[in-house]
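Just the heavy atoms: all of them, side chains too, but no hydrogens, waters or symmetry mates, feed the values below.
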Amino acid sequence: SKTLELLQEKLYSWLEQAILILPNFLVALIIFIGFYFSAKFIKKFSKKILVSYIKNYALASFLATVISTIILLLGFIVAINIMHLDKAVTSLLAGVGIAGVAIGFAFQDITANLLSGVALVIKKEYPFQVGDIIETNSYIGNVEEISLRSTTLKTFQGQTVIIPNRIIYENPLTNYSFTRKRRVDFEIGISYAEDLDKVVEVTRAAVTDIDRDKSREIEIFFKEFGDSSINFELRFWVPFEKQSEYLDARHQAIIEIKKAFDLNGITIPFPIRTLDFGIKGGKSLITQLSS
């Protein structure tokens, strides 16, 4: 009976403390909810303002997230002070710190991705933006979203690829939208019987009027004596805002070069092989068969 009496007194004491702290708890809860919705609104508003000033969506999103997190922390601190739980929170934070070390080892890949995301967005010259065409880790496509953990690409085939920022940060990356221009390269073979000066003239004229960057010269370089053709390389630049512009320019160039070669009697030869039937070479098939 004495044990039950002590237990009853303890329960009454807890109930009394809960009733006394209830008004403070309600006030703290209302204040924290107010800070929460304020943080969401300020994050959205600050992101718009920052994007218009710094012209970097990823960095603006990161800074807006930092601002909203600070506001939430302030709301938490105010709520804790109202409830007079400073000492309890100090002990809790100490425990969380110890647990955080263990969690950090367990989730080091996630932590690495977050740190890589921060490193990417705070670089002075950010390597890519939303809407850019990039190639990284064997994937190429348009950047759809940049977060602190990962970057989302949409490939030209329509698939969505989510790449961890750590992998992007540690590996080479090509940004095709950085200069807003791209070079089209062709390797073409022509017959050994052709006049090479005429081939250069006809090829250059064929691609002069297609949709290309007129500020750069058309480049033609003969490369090698191939097995059945003399091979040369054609290079010209095109404006590049999207992949279809590059593909269309290449498409036009192939059509115009083929038309020009046909009109001027320039042959693009099929592969040719010369078969030798003599041990020392030089004997024709008929001679070999007759013998």
Side-chain angles (χ1 to χ4, degrees), residues 40 43-68 109-187 207 210-216 218-219 233-256:
K40 289 188 67 175
K43 179 180 179 180
K44 186 177 180 180
F45 179 75
S46 60
K47 186 185 292 185
K48 290 182 179 179
I49 298 297
L50 290 168
V51 167
S52 63
Y53 274 97
I54 62 180
K55 308 298 182 184
N56 186 326
Y57 182 85
L59 180 57
S61 179
F62 170 69
L63 293 176
T65 301
V66 171
I67 293 171
S68 66
D109 286 343
I110 296 175
T111 305
N113 286 327
L114 289 173
L115 293 176
S116 298
V118 173
L120 282 173
V121 300
I122 64 175
K123 287 183 69 174
K124 185 177 180 181
E125 295 182 358
Y126 193 67
F128 55 88
Q129 302 288 338
V130 173
D132 284 357
I133 297 174
I134 67 170
E135 181 176 2
T136 179
N137 298 282
S138 301
Y139 295 102
I140 180 171
N142 293 88
V143 179
E144 284 203 326
E145 183 183 357
I146 305 169
S147 67
L148 291 181
R149 193 191 72 83
S150 62
T151 296
T152 302
L153 294 185
K154 188 168 186 178
T155 67
F156 300 136
Q157 291 75 32
Q159 286 82 25
T160 298
V161 181
I162 300 174
I163 307 175
N165 285 331
R166 178 179 61 84
I167 298 177
I168 296 177
Y169 191 77
E170 294 176 353
N171 290 281
L173 179 145
T174 302
N175 187 341
Y176 291 103
S177 301
F178 189 76
T179 59
R180 304 297 173 185
K181 295 178 182 180
R182 188 173 176 183
R183 196 178 74 185
V184 181
D185 294 351
F186 282 103
E187 287 196 10
V207 297
I210 67 173
D211 187 15
R212 63 179 183 84
D213 180 11
K214 301 295 194 298
S215 66
R216 291 177 177 261
I218 298 169
E219 297 178 312
E233 188 170 356
L234 167 67
R235 302 174 183 173
F236 60 90
W237 292 79
V238 295
F240 190 72
E241 297 288 339
K242 50 188 179 181
Q243 178 71 358
S244 60
E245 294 175 335
Y246 171 79
L247 297 176
D248 186 59
R250 193 172 62 181
H251 168 81
Q252 291 180 40
I254 291 174
I255 292 175
E256 296 302 324

Practice prompt. Could you give me the CA-CA distance, side-chain angles and deciding distance for Phe186 and Arg235, then say whether side chain to side chain contact (heavy atoms under 4.5 Å, CB included) is met?
Written response: CA-CA 7 Å; Phe186 282 103; Arg235 302 174 183 173; over 6 Å; no

Just jot down the side chain to side chain donor-acceptor pair (under 3.5 Å) partners of [X], sequence neighbours excluded, or say none.
X	answer
Glu245	none
Gln157	none
Thr155	Gln159
Arg216	none

Worksheet item: Looking only at heavy atoms, which two atoms of Phe128 and Ile168 are closest? And how far apart?
Response: CE2-CG2, 4.0 Å

Worksheet item: How far apart are the closest heavy atoms of Ala64 and Ser46, and which atoms are they?
Response: CB-OG, 3.5 Å

Worksheet item: Out of Val143, Val130, Thr136, which residue meets the side chain to side chain contact (heavy atoms under 4.5 Å, CB included) rule with Thr151?
Response: Val143

Discussion item. Tell me which one of Asn142, Ile134, Thr160, Asp132 satisfies side chain to side chain contact (heavy atoms under 4.5 Å, CB included) with Leu153.
Written reply: Ile134

Please round to the nearest 0.5 Å and tell me the distance separating atom [atom1] of [X] and atom [atom2] of [Y].
X	Y	atom1	atom2	result
Ser150	Glu145	OG	CD	7.0 Å
Ile167	Tyr139	CD1	OH	9.0 Å
Lys47	Ile67	NZ	CD1	11.5 Å

Item to complete: For Glu187, enumerate each residue passing the side-chain contact (heavy atoms from CB on, under 4.5 Å) test, keeping only those at least two apart in sequence or located in another chain.
Response: Lys223

Worksheet entry | Residues that Ile210 engages under side-chain contact (heavy atoms from CB on, under 4.5 Å), provided they are two or more places apart | Val207, Arg212, Phe236, Gln252, Ala253, Glu256

Worksheet item: Checking Asp248 side chain against Ser244 main chain: does a donor-acceptor pair fall under 3.5 Å?
Response: no

For [X], does the [atom1] atom sit with more than 12 other heavy atoms under 6.0 Å from it, leaving out its own atoms?
X	atom1	value
Ile162	CD1	no
Phe156	CZ	yes
Lys154	NZ	no

Discussion item. Any heavy-atom pair between the side chains of Lys43 and Thr65 that's under 4.5 Å?
Written reply: yes

Worksheet item: Who passes salt bridge (Lys or Arg N to Asp or Glu O under 4.0 Å) against Glu144, sequence neighbours left out?
Response: none

For residues 176-184, run the donor-acceptor check on the side chains, cut-off 3.5 Å, and write out each pair with its distance to 0.1 Å, sequence neighbours left out.
{"unit_1": "Tyr176", "atom_1": "OH", "unit_2": "Glu135", "atom_2": "OE1", "d": "2.5"}
{"unit_1": "Ser177", "atom_1": "OG", "unit_2": "Ile133", "atom_2": "N", "d": "2.9"}
{"unit_1": "Thr179", "atom_1": "OG1", "unit_2": "Lys181", "atom_2": "N", "d": "3.4"}
{"unit_1": "Thr179", "atom_1": "OG1", "unit_2": "Lys181", "atom_2": "O", "d": "3.1"}
{"unit_1": "Arg180", "atom_1": "NE", "unit_2": "Ser177", "atom_2": "O", "d": "3.1"}
{"unit_1": "Lys181", "atom_1": "NZ", "unit_2": "Asp213", "atom_2": "OD2", "d": "3.2"}
{"unit_1": "Arg182", "atom_1": "NH1", "unit_2": "Gln243", "atom_2": "OE1", "d": "3.2"}
{"unit_1": "Arg183", "atom_1": "NE", "unit_2": "Asp185", "atom_2": "OD1", "d": "2.8"}
{"unit_1": "Arg183", "atom_1": "NH2", "unit_2": "Asp185", "atom_2": "OD2", "d": "3.1"}

